[in-house]
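Shown next, in structure tokens, is the structure this report addresses.
Numbers here simply count residues along the sequence, with the first being 1. Remember, it's 1-based here, ligands and their atoms both numbered in the order they're listed.
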Amino acid sequence: MGDEESPFRKTVLEGKVALITGGGSGICFEIATQFGLHGAKVAIMGRRKHMLDAAVASLQSLGIKAMGVQGDVRRKEDASRTVEAVITEMGRLDILINGAAGNFLVSPEDLSPNGFKTVMDIDTLGTFTMCHAAVNYLKEGGKGKGPTECGVIISISATLHYSASWYQIHVSAAKAAVDSLTRSLALEWGTDYGIRCNAIAPGPIAETPGTYKLVPEESGITSGQTLLEKWGDKWDIAMTAIFLAAETGKYINGAVLPVDGGQWLSKPRHISKEQLRQFSRVVEQRSRTVKLPNSKL
Ligand code: COA
């Protein structure tokens with residue numbers, strides 16, 4: 001998927017430079033592609049050079065001005081070097097997408113403290129490290145920017161931690177922290193520097209490394225379990241990112257937007273609608289006529 005027609009003008013991100021961590025594959029590669037097709041120059045950051053090279057070549061083949069920087073968001077030197085490389089090559093930085101993430105299914109008793117820390121380091125600390133490295137360029141009036149242009153940060157979160165999710169204690173904790181730092185930065189950098197900081201919480205998205213890892217063939221699960229009974233597409237997340245990054249999102253700051261077809265709300269239905277119709281009014285009627293033992297009414 002990802003080839004649906006965009007509802008946005010092709011120039012909606014013209015003149016913007018976006019740095020996308022984890023942009024070499026999956027959801028974030030689709031964000032890089034759609035940002036490029038809507039006028040932005042895009043830089044993607046990732047650990048694996050061969051994936052970055054292939055992704056940059058693919059973006060360039062679509063006529064997108066793109067560059068790749070090899071680096072690990074856990075390392076602050078890599079974060080600063082990446083941001084500097086973007087400024088040197090592309091002249092400015094307007095949008096930071098924090099997409100780099102780590103995940104695997106594991107029960108808490110089988111997860112070592114270092115395994116827990118590894119995911120916290122990539123998802124949470126990595127997100128903060130990249131924001132910290134980029135803030136001086138995202139500020140109003142940052143290098144190459146006019147005095148009233150504001151930067152945008154979008155972090156890719158999740159819905160796992162809205163209640164609790166099996167075998168995801170590490171990622172749930174990491175993404176809960178990402179949501180928290182999204183709101184803190186929205187407050188502080190929104191007020192002080194005009195930077196808008198939001199997050200997108202995708203549901204199950206088809207054809208992504210996350211899905212291959214979390215819903216492997218071996219699990220026997222073949223379709224998403226959203227209320228709409230279908231998987232989301234990478235395109236859904238990319239369009240949401242454009243909406244938040246462009247003028248359409250100019251009044252949105254500190255939001256964590258679930259894009260999951262309503263899955264996080266879903267609960268098993270405990271009574272059929274037919275049953276409900278049969279007894280709901282009877283119960284209501286009874287409650288109006290029967291006096292409860294201690295009722296003073
Ligand atoms: N079950 C239990 N523990 C696991 C594990 C698994 N499936 N995979 C890794 N770990 C543990 C390791 O055992 C290690 O802990 P230890 O030192 O106590 O043994 C710790 O996690 C770090 O593993 P390591 O392989 O050294 O980390 P890494 O930095 O090379 O890789 C990962 C990080 C593990 C998150 C890796 O899956 C990754 O790079 N993911 C990025 C891509 C991705 O996950 N995309 C999907 C995003 S939704």
Between the protein and ligand 1, are there any N or O atom pairs that come within less than 3.5 Å of each other, and if so, what are their names and distances?
unit_1	atom_1	unit_2	atom_2	d
ligand 1	15 (O)	S112	OG	3.2
ligand 1	17 (O)	N114	ND2	2.8
ligand 1	18 (O)	S112	OG	2.5
ligand 1	29 (O)	R74	NH1	2.9
ligand 1	29 (O)	R74	NH2	3.1
ligand 1	37 (O)	K213	NZ	2.8
ligand 1	39 (O)	R47	NH2	2.5
ligand 1	44 (O)	N103	N	3.0
ligand 1	44 (O)	K213	NZ	2.9

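- Both tests pass for K139 against the ring of Y193: distance under 6.0 Å to the centre and angle within 45° of the axis.
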task: Test L138 against D94 for side chain to side chain contact (heavy atoms under 4.5 Å, CB included), laying out the working first.
output: CA-CA 6 Å; L138 293 171; D94 303 277; 5.6 Å; no
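- No hydrogens or angles considered: nothing links the side chains of D123 and H170 as a donor-acceptor pair under 3.5 Å.
- For the atom pair R269 CZ and Q275 CD, the distance stands at 11.0 Å (nearest 0.5 Å).
- Between the side chains of T211 and T208, a donor-acceptor pair is found at a separation under 3.5 Å.
- Below 30°, between 30° and 60°, or above 60°: for F8 and F243 the angle between ring planes is between 30° and 60°, a tilted geometry.
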